[in-house]
Amino acid sequence: MSDQDERTTYDVESVQQKWQQVWEKLDHFRADDDSPRDKRYALTMFPYPSGDLHMGHAEVFALHDVIARYWWQRGYEVLNPMGFDSFGLPAENAAIKNDEHPAVYTYGNIETSIASCRNYATSFDWSRSFNTSDPSYYKWTQWLFLKFMERGLAYRKNSPVNWCPADQTVLANEQVVDGHCERCGAEVTKRELTQWYFRITEYADELLADLDTLAPTWPDRVITAQRNWIGKSEGAHVDFDMSNGQRVTVYTTRPDTLWGATFMVVAADSKLATELVTPDRSAELAAYVAEVRKASDIDRLATDRPKTGVDLGVTATNPVTGEQLPVWASDYVLADYGTGAIMAVPAHDQRDLDFAREMRLPVRMVVDTGAEDPAVSFVATTGHGTYVNSGPLDGLTDKATGVHRAIEVLEAAQHGKGAVNFRLRDWLLSRQRYWGAPIPVIHCPVDGEVPVPEDQLPVLLPELKGADLKPKGTSPLGAAREWVETTCPTCGGPAERDTDTMDTFVDSSWYMFRYCSPHDDTQAFDSAKVNEWMPCDIYIGGVEHAVLHLLYARFFTKVLADMGLVDFREPFAAQLNQGFVINHGKKMSKSLGNGVRLGDQLAEFGVDAIRLTLVFAGPPEDDIDWANMSPDGSLRFLQRAWRLSGDVTSEPGADVTTGDLALRRVTARTVHDATELVEGYRFNVLVARVMELVNATRKAIDSGCGPADPAVREAVEAVAILLSLVAPYTAEEMWERLGHEPSVARAGWPAVDEALLVEESVTAVVQVQGKVRARLEVAPDISEVDLEAAALADEAVVRALEGKTVRKVIVRAPKLVNIVAG
RNA sequence: GCCCCCGUAUCCCAACCGGCAGAGGAAGCGGUCUUAAAAACCGCACAGUGUGGGUUCGACCCCCACCGGGGGCACCA
C-alpha cells in the first residue's frame, strides 16, 4: 500500500480482524441484571440455524443493532440476546439424507452462524445464548406444557386435522396457507386423529382486545392480520327443535333474518349429521361424506364450486314461525366453526341462495332493500332495508335494531340468545416428527393420560438417527421401544410414553423470558428478572410471523401472567417488521438462480459497507432490491468519513466553545435530530444526515475554518459516535485516530448545546397569490405584525402588488407571508 | 369479493402541524489533479409529486373516484 493510499483508504479486512479481537476482550455488551441504569430489552426473532447467515439476517441484524447500540450510547443497560430456534424439520430431513443425528447438522450450523454474527459486528450478548434443542431448555418447555395441562389449557381430542402428506405430520391451522403446507408447499389433506391442543380460544377475547393497546407501537398490518385471524363476530345462537326430538343450536350473525329461514344445513363431516340422519338416508350420507373427505382443501376453498349435499330426512321447527324446515348436510358448512350447523336464509346469504337453487328449495325475502327479489335475481341482498314477513320486525328499517329485536324475541321464547363467535381455533401442537420436545405424558391403561412428574424432566429424546427418522405417518419416537415402554407414575404398572413431539412454535413462545435468566437450572425463568427486563422494548422480525409466532407468544404471556409468574400481559411493547432483500424485483431463490450471497458481498465491500447499504436503502419495512443498491458507494462514504479523522489536528478535549459557529451548529442539529430519527426507526434519514455532516466538515477543513479548529474535532467525534450505530469498525477506527481509547460503542451520546439549535436568522418567504416574490432574512422570534410590515415594504412585493388591492394577508411567522390580492 | 398499505427526478429515497417540491446516495455530464486512468476534490444538470375532481389564501400532505403495485382475509354463516 502506497503512502497516498494510506491517507485515503483503510484496509477493510485487517481493520475487521483487529477490532474483533479487541471487542472480544472488552466484552462491552454484556447486560448486567443489577445495573442501576434504566433497562432496555432489544430482541430480534431468533433464527432457525439453516446453514449460514444470509442477506435477510444481515438486514434484520443491521437494523436491530442500530437500536441496541443507540440505547447503549444513550446510557441504558441493554439486554440484547441471541440464540437459536434449533428444533425443526430441516435438521431432521438432513439427518435422514446423510444418515446421521439431527444434532450434527443443527449444532454445526449454529457454530457457523455465531462466527458469522461476530464477524458481522452484531452487539449480541453471547453469554446469554441458548438453543431450544438443548435439554436444559426443552426441559422447561415440557414443564410449561405440564403447567398448561394442570390449568386445563392442554388437552387431547379426536378431530379431523390438517395433514401434510410430504412431511408426514399434522399441522396447525396457522401453518396451512391456501390449502398448502406452509413449510414444504404440499397440498394439505384431512385426517381424523387424536392430538394435543392448547386452548388458545379461551384467550380469544383478550388477545383481540389487547391489540388496541398495541396498535400505537405495532405495525398496522400485524394488528390487522391478528384481528382477522381471531375473527370475532357477533350474532346469536338459535335453538331449533328437530322432528326426532333433538334440539340443535345454530350460530348466525343475522338473527334478524330468521323469518326468512327456509332450511337448515349441518356440516356433512360433523357428528351432528350422523346423529340426525334418518336410517333410510344414512347410506347416502355416508357416501357423500366419503366423497367430501377425498376432496382436498384446495377444492374446498374454491368458492365458485357448485353446492352439494344430502337431505337428512329430518325437519326442524323454526322457533319464530313454527314452520317445518328441511335439514340438509353439506360441505359448505364447516364442522369446527360456530356450532357446525346453520339456519339457511337464501334471500340474504349468497351461499344459501346458491344451495337453494341447486336443491330447488324455497327463497323468501324478509328484508326489502329495494333491489330485485333474490328469488328472481339469484343475487342475495345483505344491506339495510325494510323488514317484511317478519312478524314483530315488520316495518323496521335498521339492521342493528332488527338484530337487537330478534334477539329479544328469541330470549323471551327461550329459544336462543345473543352470542359472539371466533374464527380462532385451538392450537394443535402435536407433531409426528423426531426433532422436537417430547410431550411429557405417559399413557396408562389404568390411569389414562398421566403427566410425567416434574422431577423426571426433561423427558430426553431417545437416540435415533438416519433411517429411523424416516416419516412413516406415525411418530418416529414410537420405534424406540425401550424408550416408549415405561411405568405409570401413578400406579406403577406398565405404560407407554406419548410419542409425539411439540410444534416448534411452542419452543419459540417463551424464549424471550428465558433470556432474562438463561442458565437458571431451577426454573424456567426468574420472575423477578423477567419483570425487570420485560416486556421487550422492541421486537424486530419478519411480517411472516404476524399471526403464528406473535399470537402464540402473546397467548403464552397471558397464561404466565395468570399463573402469577409475570406481572405483564403482553410480551412486546413495540414491534418493527423489516422488508425482504430481493434481487431484480424478485425474491431471491435457488430455483431462480438470482441469489446474492452475503459472504461474497462481505468479502468484496466489508461488513460496514454492507450494513450501511442495508440501513440506508430506505425505510426498514420496505423491501430492498439489491440490484438497485450501491455497496460500493457506501464503502466510498465510509472511507470519506474515516479520512476526516486523520485531518483533525486539535487535541482531544480541546475547548469547543471557541470553535467555528457554523460548523458547530450543523453538528448540534445533526446530533439533536438523530435521537428522534432513531426512535422513529428512520435510519435511512439518519444516515443521510450523517453524510451531510461529513460533507459540511469536509468543506470546513478544506475551505473554511481549517483542520485545527476545535469545531472540526467536535464534528468528527460526533460522526464517529453516530456511525458507531451502523458501521462499528469504521467508527472504532476513527475513534482511535482521534486519540481515544476503545470502544466508541460505549463512548456515550455527544452533548448538545441547546443554544446552538437556535437559528440566528431564518428565511421568510413572501408569496403573492401563492407565488414567491421575495425572501427576507428575519429574526426567528419576529412578531406577525413586524413580519407583515416587512413583507409589504419589500420592493419586489410592492411591484407585484401594483394596481391590485390587498384582500387578505396570511402570516405564519417566521417562515411565510402570503398576500392575497386582486 | 371485502379490508389495509404504498405511487415524488433515470434509479433508491427526503420533504416537520397543510406553507419555497430536494436532505442524502446511485447512475450521468463537466472541471481540478494525473503522462494516462482510478481514487480524491469541486461543480452541473434532472421531477411539479400515478390520473381526474374537491376543500383551502395555499395540497406530495386532507376528502371523493379511478388506475397501478404490495399485503391480509375469504364457503367463518
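Chain letters run A, B, ... following the sequence lines, proteins first, then strands; residues in each count from 1. Computed from a predicted model, the values in this text were never measured in an experiment.
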For [N], the Watson-Crick or wobble counterpart (both distances under 3.5 Å):
{"N": "B/A40", "result": "B/U32"}
{"N": "B/A23", "result": "none"}
{"N": "B/C16", "result": "none"}
{"N": "B/A45", "result": "none"}
{"N": "B/C62", "result": "B/G54"}
{"N": "B/G7", "result": "B/C67"}

Please report, rounded to the nearest Å, how far the [atom2] atom of [N] is from the [atom1] atom of [X].
{"X": "A/Asp622", "N": "B/C11", "atom1": "CG", "atom2": "P", "result": "16 Å"}
{"X": "A/Met691", "N": "B/G25", "atom1": "CE", "atom2": "C1'", "result": "5 Å"}
{"X": "A/Arg689", "N": "B/G24", "atom1": "CZ", "atom2": "C1'", "result": "10 Å"}
{"X": "A/Asp625", "N": "B/G69", "atom1": "CG", "atom2": "C1'", "result": "14 Å"}
{"X": "A/Lys808", "N": "B/C57", "atom1": "NZ", "atom2": "P", "result": "5 Å"}
{"X": "A/Asn577", "N": "B/G72", "atom1": "CG", "atom2": "P", "result": "12 Å"}
{"X": "A/Glu234", "N": "B/A77", "atom1": "CD", "atom2": "P", "result": "12 Å"}
{"X": "A/Leu614", "N": "B/C12", "atom1": "CG", "atom2": "C1'", "result": "13 Å"}

### Query
Does B/C66 adopt a syn or an anti glycosidic conformation, taking syn as a chi angle within 90° of 0?
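Chi for B/C66 falls in the anti range.
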
### Query
Can B/G48 be described as syn, meaning its chi torsion is within 90° of 0, or is it anti?
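It is syn.
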
Cut-off 3.5 Å, side chains only: do [X] and [Y] have a donor facing an acceptor?
{"X": "A/Tyr332", "Y": "A/Asp352", "result": "yes"}
{"X": "A/Thr763", "Y": "A/Glu777", "result": "yes"}
{"X": "A/Asn228", "Y": "A/Gln226", "result": "no"}
{"X": "A/His237", "Y": "A/Thr249", "result": "no"}

Pick out the pairs of N or O atoms, protein on one side and nucleotides 27-29 of chain B on the other, that lie under 3.5 Å.
none

If the [atom1] atom of [N] is compared with that of [M], how far apart are they to the nearest Å?
{"N": "B/C57", "M": "B/C11", "atom1": "C1'", "answer": "37 Å"}
{"N": "B/G7", "M": "B/C60", "atom1": "P", "answer": "14 Å"}
{"N": "B/A26", "M": "B/G72", "atom1": "C1'", "answer": "34 Å"}
{"N": "B/U56", "M": "B/C61", "atom1": "C1'", "answer": "13 Å"}
{"N": "B/C64", "M": "B/C46", "atom1": "P", "answer": "36 Å"}
{"N": "B/C20", "M": "B/G25", "atom1": "P", "answer": "22 Å"}
{"N": "B/A14", "M": "B/A9", "atom1": "C1'", "answer": "13 Å"}
{"N": "B/G1", "M": "B/G53", "atom1": "P", "answer": "27 Å"}

### For A/Val690, the option from A/Val685, A/Val719, A/Leu677 that meets side-chain contact (heavy atoms from CB on, under 4.5 Å)
A/Val719

### Task
Answer yes if the ring centres of A/Phe683 and A/Phe616 are under 6.0 angstrom apart, and no otherwise.
no

### Message
Can you classify the ring geometry of A/Trp328 versus A/Phe355 as parallel (below 30°), tilted (30 to 60°) or perpendicular (above 60°)?
### Response
perpendicular

### Query
Listed by chain and number, what are the ring-ring contact (aromatic ring centres under 6.0 Å, His included) partners of A/Phe637, not counting sequence neighbours?
none

### Task
For A/His415, enumerate each residue passing the ring-ring contact (aromatic ring centres under 6.0 Å, His included) test, keeping only those at least two apart in sequence or located in another chain.
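With sequence neighbours excluded, A/His415 shows a ring-ring contact (aromatic ring centres under 6.0 Å, His included) to no residue whatsoever.
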
Just to be sure I understand the rule, does [X] reach a base, reach only the sugar-phosphate, or reach nothing, if contact means heavy atoms closer than 4.0 Å?
{"X": "A/Thr224", "result": "nothing"}
{"X": "A/Arg425", "result": "base"}
{"X": "A/Met343", "result": "nothing"}
{"X": "A/Ser330", "result": "nothing"}
{"X": "A/Asn421", "result": "nothing"}
{"X": "A/Asn818", "result": "base"}

Please tell me which of the listed nucleotides, [options], lies nearest to the side chain of [X]?
{"X": "A/Val820", "options": "B/A14, B/A77, B/C57", "value": "B/C57"}
{"X": "A/Asn628", "options": "B/C11, B/A77, B/G43", "value": "B/C11"}
{"X": "A/Thr253", "options": "B/A40, B/A23, B/A77", "value": "B/A77"}
{"X": "A/Arg423", "options": "B/A77, B/A74, B/G25", "value": "B/A74"}
{"X": "A/Asn684", "options": "B/A77, B/C13, B/C41", "value": "B/C13"}
{"X": "A/Thr252", "options": "B/G24, B/A77, B/C41", "value": "B/A77"}
{"X": "A/Asp220", "options": "B/A77, B/C5, B/C13", "value": "B/C5"}
{"X": "A/Arg698", "options": "B/C42, B/A14, B/G24", "value": "B/C42"}
{"X": "A/Arg640", "options": "B/A77, B/C42, B/C20", "value": "B/C42"}

### Query
Does the A/Arg773 side chain pair with the main chain of A/Val797, one donor and one acceptor, at a distance under 3.5 Å?
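No; zero donor-acceptor contacts below 3.5 Å.
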
### Query
Counting just side-chain N and O atoms, does A/Asn228 come under 4.0 Å of either OP1 or OP2 of B/G71?
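A/Asn228 to B/G71 OP1/OP2: no side-chain N or O under 4.0 Å.
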
### Task
Give the C-alpha distance, both sets of side-chain angles, the deciding distance and a yes or no for salt bridge (charged side-chain N to carboxylate O under 4.0 Å, His left out) between A/Asp331 and A/Lys307.
CA-CA 8 Å; A/Asp331 64 349; A/Lys307 297 275 186 286; over 6 Å; no

### Message
I want to confirm an ordering. Mapping A/Leu816 and A/Ile810 to their closest nucleotides on RNA chain B, which one lands closer to the 5' end?
### Response
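Per heavy-atom nearest nucleotide, the more 5' residue is A/Leu816.
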
### Upstream residue (5' side of RNA chain B) when A/Arg221 and A/Tyr337 are each assigned their closest nucleotide
A/Arg221

